[in-house]
Amino acid sequence: MARILAALSGGVDSAVAALLLHEQGHEVVGAYMRTWMHEDGAAVFADCPWERDQEDARAVATTLGIPFHVLNMIEDYRARVVEYLVSGYAAGRTPNPDSMCNREIKFGCLEDQATRLGCEFVATGHYVRRRDNPDASVDILTGADPNKDQSYFLAMVRQENLRRALFPVGQLLKSQVRDLARRAGLPNAERKDSQGICFLGRVPINAFLEQYISDNPGPIINSAGRELGTHRGLHRYTLGQRHGIGVPSNTDNKAYVVIGKDRARNALLVAFDEPDAPGLWGREFLVHDLHWTNQPPTNVGPHTLLVRPRYRDPSMAATLEIDAADSSRGKLTFAEPQRALASGQIAAFYSGEVLLGGGAYE
């Protein structure tokens, strides 16, 4: 049996993860992470019920009869996740804070805390499965529940961190997790799943960004070069956005969609949301920060993959050509056109149900 740090978020998934390990006879230590949203004043615009989260996590630990720690990770979270998010939007990208939180915090800084507490592994409530290989490496497989699979968010996690990670609920359906929580009398058995970006809860992203990035108005220009109006700041918009652009189409059954940003002119580019809208659809995309959860490809490309373009998108057939001069970059070519893949978003790579890694769109 092992001594395991169970990350308790306050939700039912992490609670059942701790429950299963406890029932298996492991020495389980519960921990709740205090992150950036706990700072003074942060709750003014971060509508995230962290006080309830912390108390629910504590109540789960009490019910299971395991030790409980509140870990102060505010500075790490600010430096590794919040600043990444803000700088990404300021540069015109659409970053993925959940992927960064997993790589840098849950399977990075938290493992350092686990070592300090004498724990060999860190367990979370992610819906993914772990496969141990004969060479001591670890593969991540998609979760048994296709509607809850979270492997996409682990595409950038390092192999050395995955070796210390356990995912007890990855073999279960969400309905089974709920049933186990009810049978064990866990206090959060009926709690609804959280929504939104990892630390913002229900707050719109722009309500957060306006605390850090000043508005810089500029022209809204259509595909014919005509100026239609004025935007508040390019960081407020993302490729494929239809709502909140601020200009009416004045055309029946047609709506404007964001097709790009011209940073040199500080211009927001829009067109009618149609299949031939320039820049909206594409098959070829440059990617950077290529990362492999286990071993990188050894054969010369192009490499045939399944790629999940975004979290909720189905996996699509694609090929990846890695740059011969820089193995952290490449060109991703999908078998079918993809809509509105924005710079900074993550593409996750698969071979069947095995997560291979991922990269960020240019």
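Here the structure is a predicted model, which is why all the values come from computation and not from measurement.
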Could you state the interatomic distance from CG (Asp98) to CD (Gln150), rounded to the nearest 0.5 Å? 9.5 Å
Minimum heavy-atom separation for Ser87 to Tyr84, with atom names? OG-O, 3.2 Å
Any residue meeting side chain to side chain donor-acceptor pair (under 3.5 Å) with Asn188, in chain and number order, not counting sequence neighbours: none
Measure the CG-CZ distance between Leu268 and Arg232 for me, rounded to the nearest 0.5 Å. 13.0 Å
Under 3.5 Å, is there a donor-acceptor pair linking the side chains of Thr142 and Ser151? no
Which residues end up grouped with Ile221 if you chain together Ile, Leu, Val, Met, Phe, Trp and Tyr wherever their side-chain heavy atoms are less than 4.5 Å apart? Val257, Ile259, Leu269, Leu280, Trp281
Tell me, which pairs form a ring pair (Phe, Tyr, Trp, His ring centres under 6.0 Å) where one or both residues lie in residues 118-147, sequence neighbours left out? Phe107-His126
Rounded to the nearest 0.5 Å, how far does CG of Leu117 lie from NE2 of His69? 5.0 Å
Quick test of your reading of the model: are Lys331 and Glu362 salt-bridged, counting only N-O distances below 4.0 Å? no
With rounding to the nearest 0.5 angstrom, report the CD to CZ distance, Gln241 to Arg236. 10.5 Å
Would you say Leu239 and Val270 are hydrophobically clustered, going by side-chain heavy atoms of ILVMFWY under 4.5 Å? no
Are any of the side-chain nitrogens in Glu111 or Lys106 under 4.0 Å away from the carboxylate oxygens of its partner? no
For residues Leu154 and Thr293, report the shortest heavy-atom separation together with the two atoms involved. O-CG2, 3.9 Å
Ring centre gap for Tyr32 and Phe68 strictly below 6.0 Å: no
Mind running side-chain contact (heavy atoms from CB on, under 4.5 Å) on Val60 and Thr62 for me, showing each step along the way? CA-CA 5 Å; Val60 167; Thr62 299; over 6 Å; no
Residues Leu141, Tyr350; criterion side-chain contact (heavy atoms from CB on, under 4.5 Å); working and verdict: CA-CA 9 Å; Leu141 281 60; Tyr350 295 83; over 6 Å; no
Residues that Asn266 engages under side-chain contact (heavy atoms from CB on, under 4.5 Å), provided they are two or more places apart: Asn216, His231, Leu234
Which value, rounded to the nearest 0.5 Å, describes the distance between Thr94 atom OG1 and Tyr361 atom OH? 12.0 Å
For Ala255 versus Ser249, what's the shortest heavy-atom pair and its separation? CA-CB, 4.2 Å
Roughly how far, to the nearest 0.5 Å, is the NZ atom of Lys261 from the OG atom of Ser343? 8.5 Å
So which of Ile74, Val70, Ile105, Asp76 actually passes side-chain contact (heavy atoms from CB on, under 4.5 Å) with Met33? Ile105
Is any side-chain heavy atom of Ile140 closer than 4.5 Å to one of Leu162? yes
Hey, are the side chains of Thr63 and Arg58 touching, using non-hydrogen atoms and a 4.5 Å cut-off? no
Salt bridge (Lys or Arg N to Asp or Glu O under 4.0 Å) partners for Asp313, two or more places apart: Arg310
For Tyr311 and Phe153, take the angle between the two ring planes, folded into 0 to 90°, and tell me which bin it lands in: parallel under 30, tilted 30 to 60, perpendicular over 60. tilted
Would Leu332 and Glu284 satisfy side-chain contact (heavy atoms from CB on, under 4.5 Å), going step by step from the backbone distance to the final call? CA-CA 6 Å; Leu332 198 58; Glu284 295 185 355; over 6 Å; no
Salt bridge or not between Arg78 and Glu75? Use side-chain N to carboxylate O under 4.0 Å. yes
Using a strict threshold of under 4.0 Å (side-chain N to carboxylate O), is an ion pair present between Arg34 and Asp53? no
Pairing of Arg329 and Asp323 as salt bridge, 4.0 angstrom limit: no
Show your reasoning for whether side-chain contact (heavy atoms from CB on, under 4.5 Å) applies to Leu341 and Phe334. CA-CA 12 Å; Leu341 298 184; Phe334 288 93; 3.9 Å; yes
Partners meeting side chain to side chain donor-acceptor pair (under 3.5 Å) with Lys174 (sequence neighbours left out): Asp13, Asp193
Atom of Glu190, atom of Arg178 and distance for their closest heavy-atom approach: C-NH1, 3.6 Å
Of the non-hydrogen atoms in Val247 and Gly229, which two are nearest, and what is the gap between them? CG1-CA, 4.0 Å
If the threshold is 4.0 Å, N to carboxylate O, is there a salt bridge linking Asp273 and Lys254? no
Where is the tightest heavy-atom contact between Ala184 and Leu19, given as atom of each residue plus distance? CB-CD2, 3.7 Å
Please tell me if the side chains of Ile205 and Tyr89 come closer than 4.5 Å, counting only heavy atoms from C-beta onward. yes
Between Asp112 and Arg164, does any side-chain N to carboxylate O distance fall below 4.0 Å? no
